[in-house]
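Order of appearance sets the numbers: ligands from 1, and atoms from 1 within every ligand.
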Amino acid sequence: MAVRAAETGVGLENLDLTRMTCGWAKPMANRNVRGGELRIGGRTFDRGVGTHAESLIRLRLPAGPVRLRAWVGVDDAAGAGRGSVEFRVLGDGRCRWSSGLMRGGDPAQRVELDVTGVRELVLRVTDGGDETTDDLANWADAVLETAGGAVETLEPIPVEAREIRTPPPVPTPRFHGAAVVGVRPGRPFRSTIAVRGERPIALHAEGLPAGLALDGARRCIEGRAPADSGVYEATLIASNAHGVARRRWRLVVGEQLALTPPMGWNSWNCFGARISQELIEATARAMAAERLHELGWTYVVIDDGWQRHPDSDDPALAGPERDPRGRLLPNRRFPDLRALVDTIRGLGFKAGIYSSPGPITCAGHTGSHGREAEDAAQFADWGFEYLKYDWCSYSRIARGTTLPEQMRPYQRMAALLARQPSDIVFSICQYGVGNVSAWGRAAGGHLWRTTGDIEDTWESVRRIGFGQAGLDLFAGPGGWNDPDMLVIGHLGWGQPLRPSRLTPNEQYLHMTLWCLLAAPLMLGCDMTRLDDFTRGLITNGEVLDVNQDPLGRAASRVAVRGPTQVWARPLEDGSVAVGLFNLDEEPMEVEARWSDIGIVGAWSVRDLWRGRDLGASTNGWTITVARHGAELLRLSPADAIASNSPPRVPWTWEADARDRR
Ligand code: GLA
């Protein structure tokens with residue numbers, strides 16, 4: 001809605017207040033947010049807008065001279081000394097005026113501001129740095145004086161340019177994905193080597209243990225793992241017309257799998273339970289066509305909806321849940337699971353499947369209760385290499401909510417999986433109930449969901465992502481906190497697909513944080529419809545390398561300053577990955593101080609998203625970070641780079657893994 005200025009200008013109360021955000025109730029024209037008269041510091045105003053922190057209205061201003069006049073303050077209805085807010089006026093992303101902290105009873109403050117030349121004006125009320133109780137905030141007598149042009153109310157979420165930060169891939173060979181891989185003694189082994197660069201690339205391996213061989217054409221190491229536990233080290237060499245890359249590759253034979261966080265795709269966020277063999281196959285083919293295996297994307301996981309549905313009248317889903325021998329039957333949308341698994345494998349990926357320890361899954365399909373042994377064997381027999389095991393209806397079975405009862409179904413399935421002739425990564429899903437991070441590994445999980453289901457909203461990503469603070473100690477090779485799947489690209493949960501509702505900067509923040517957290521990276525979007533922006537988000541080798549770093553240390557939150565946060569994690573080569581986050585509604589300077597990270601001396605700074613060296617510093621690095629945005633840096637000891645000497649931080653994977661056992 002655009003409102004043309006009368007002689008006295010445009011009153012804020014006449015604008016489209018349905019587009020104004022408000023932390024409680026809704027904005028009121030000429031009244032406070034509770035419906036009473038607008039009063040600030042004992043003074044009554046006839047006109048204006050009563051709102052409640054956090055609140056924001058975004059306006060498009062006309063060309064020509066524009067002035068903002070207003071009185072602001074906490075409404076007297078809050079009570080003297082109660083509530084605490086800050087009024088801020090932003091012009092094209094920059095703060096033009098701030099009230100400082102105001103409380104109930106404070107006299108109204110006058111705003112008199114020339115905003116000529118500003119295109120987008122934001123009137124914002126913050127919570128003043130605490131929570132929002134009694135934060136009744138008034139923009140009283142608020143008028144935009146223009147030379148007659150219209151003032152337009154915009155959506156509160158800004159339209160951001162879909163900046164593609166990821167540079168195009170370089171032609172020289174580069175390895176990505178897991179450089180350290182776990183396998184049980186004597187088990188069949190197959191691992192796609194993630195290597196990028198201009199084709200043709202010649203691949204060689206030196207020092208592979210007996211029983212394993214490299215298939216250079218299929219870019220895969222295959223065979224049977226050694227019978228003896230231990231770390232087997234080899235060198236992979238990739239060469240093409242532009243150069244040579246070498247990778248130290250370690251096979252860790254023992255009881256641990258998933259030595260780096262699993263990366264892949266899962267059907268749920270995209271298709272919900274409306275899945276079929278064709279959809280999954282089309283996904284795997286699209287992932288191969290996008291060459292995602294060259295970056296370490298590995299699993300194609302079928303989530304809920306592949307089994308029969310005992311209560312459904314849909315003939316494709318109805319029918320016997322198991323065959324006469326008790327074996328779980330897929331529904332008619334999956335005519336040949338074994339063939340599907342083979343296709344996925346042939347494309348260079350691994351297949352994953354889903355079940356529940358309860359009698360039915362969350363979407364009402366058949367679960368594994370009472371048939372765990374048959375199902376574990378069946379999954380292995382079909383060739384699946386990953387199982388997501390979702391609590392769902394298990395509450396009907398559990399005898400209470402004690403820790404042993406919570407662990408029991410997972411321990412049982414983990415033990416059964418470990419007995420199968422081939423390795424299966426085990427994903428625990430029980431929505432983060434009962435501090436699962438502390439026992440997920442002991443229950444046999446290789447990853448465990450730490451939260452309820454994620455959504456493609458800022459609120460969800462912020463709450464879940466930053467809510468991981470403090471869980472880093474539980475993550476490490478063989479066991480990962482899982483803050484749920486990625487919500488980028490085209491999503492839909494079974495409804496018509498639509499682009500993620502996250503803004504571009506929120507999507508950078510999401511990927512940056514998940515990589516730092518050493519979170520499993522599970523895409524949840526339609527892979528047949530990747531746009532250039534999403535492609536950039538998921539094909540940045542340097543960013544993904546942080547997630548897959550062999551040291552496997554999840555980032556910890558090292559600083560919180562107002563709405564900004566800094567997270568850091570040490571990497572195996574002695575460098576440090578650092579995330580600078582801005583949770584605010586406007587761009588903010590975020591400072592990573594070396595003292596926060598616990599490092600001293602000169603460190604070189606690389607911008608990982610843009611693949612650019614930024615310089616070096618002895619005390620810290622500051623970047624202006626976009627609203628709800630993030631930057632990802634890699635710090636390397638500057639003197640080590642200059643002298644080519646090894647890094648001074650003596651982290652090694654073996655020592656670290658030992659400490660964690
Ligand atoms: C739960 C899980 C989701 C998904 C659905 C399937 O909600 O948390 O990730 O697997 O069940 O029904």
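Assignment of T361 to the shell around ligand 1 is not supported, since no heavy atom sits closer than 4.0 Å.
Remark: ligand 1 atoms within the under-4.0 Å shell around heavy atoms of K388 are 3 (C), 4 (C), 9 (O), 10 (O). Near D303, with a cut-off below 4.0 Å to any heavy atom, the atoms of ligand 1 are 4 (C), 6 (C), 10 (O). Interface atoms of ligand 1 facing Y431, defined by a heavy-atom separation under 4.0 Å, are 8 (O).
For R371, the side chain to side chain contact (heavy atoms under 4.5 Å, CB included) criterion is met by R322, E374, D375, not counting sequence neighbours. In this view, C220 and R190, R218, E222 satisfy the side chain to side chain contact (heavy atoms under 4.5 Å, CB included) rule, not counting sequence neighbours.
Within the 4.0 Å heavy-atom criterion, the part of C429 lying near ligand 1 is the side chain and not the backbone. At a 4.0 Å heavy-atom cut-off, ligand 1 touches D390 through the side chain alone.
Ranking protein heavy atoms by distance to atom 3 (C) of ligand 1, first place goes to D453 OD2, 3.5 Å. The protein heavy-atom contact nearest to atom 12 (O) of ligand 1 is D304 OD2, 2.8 Å.
No side-chain N or O of D314 forms a donor-acceptor pair with one of S312 less than 3.5 Å apart. Side-chain N/O atoms of T450 and Q468 include a donor and acceptor closer than 3.5 Å. Side chain to side chain, W448 and N481 meet the donor-acceptor criterion of an N or O pair below 3.5 Å.
Taking the six-membered ring for Trp and thresholds of 30 and 60 degrees, Y410 and F426 have ring planes inclined between 30 and 60 degrees apart.
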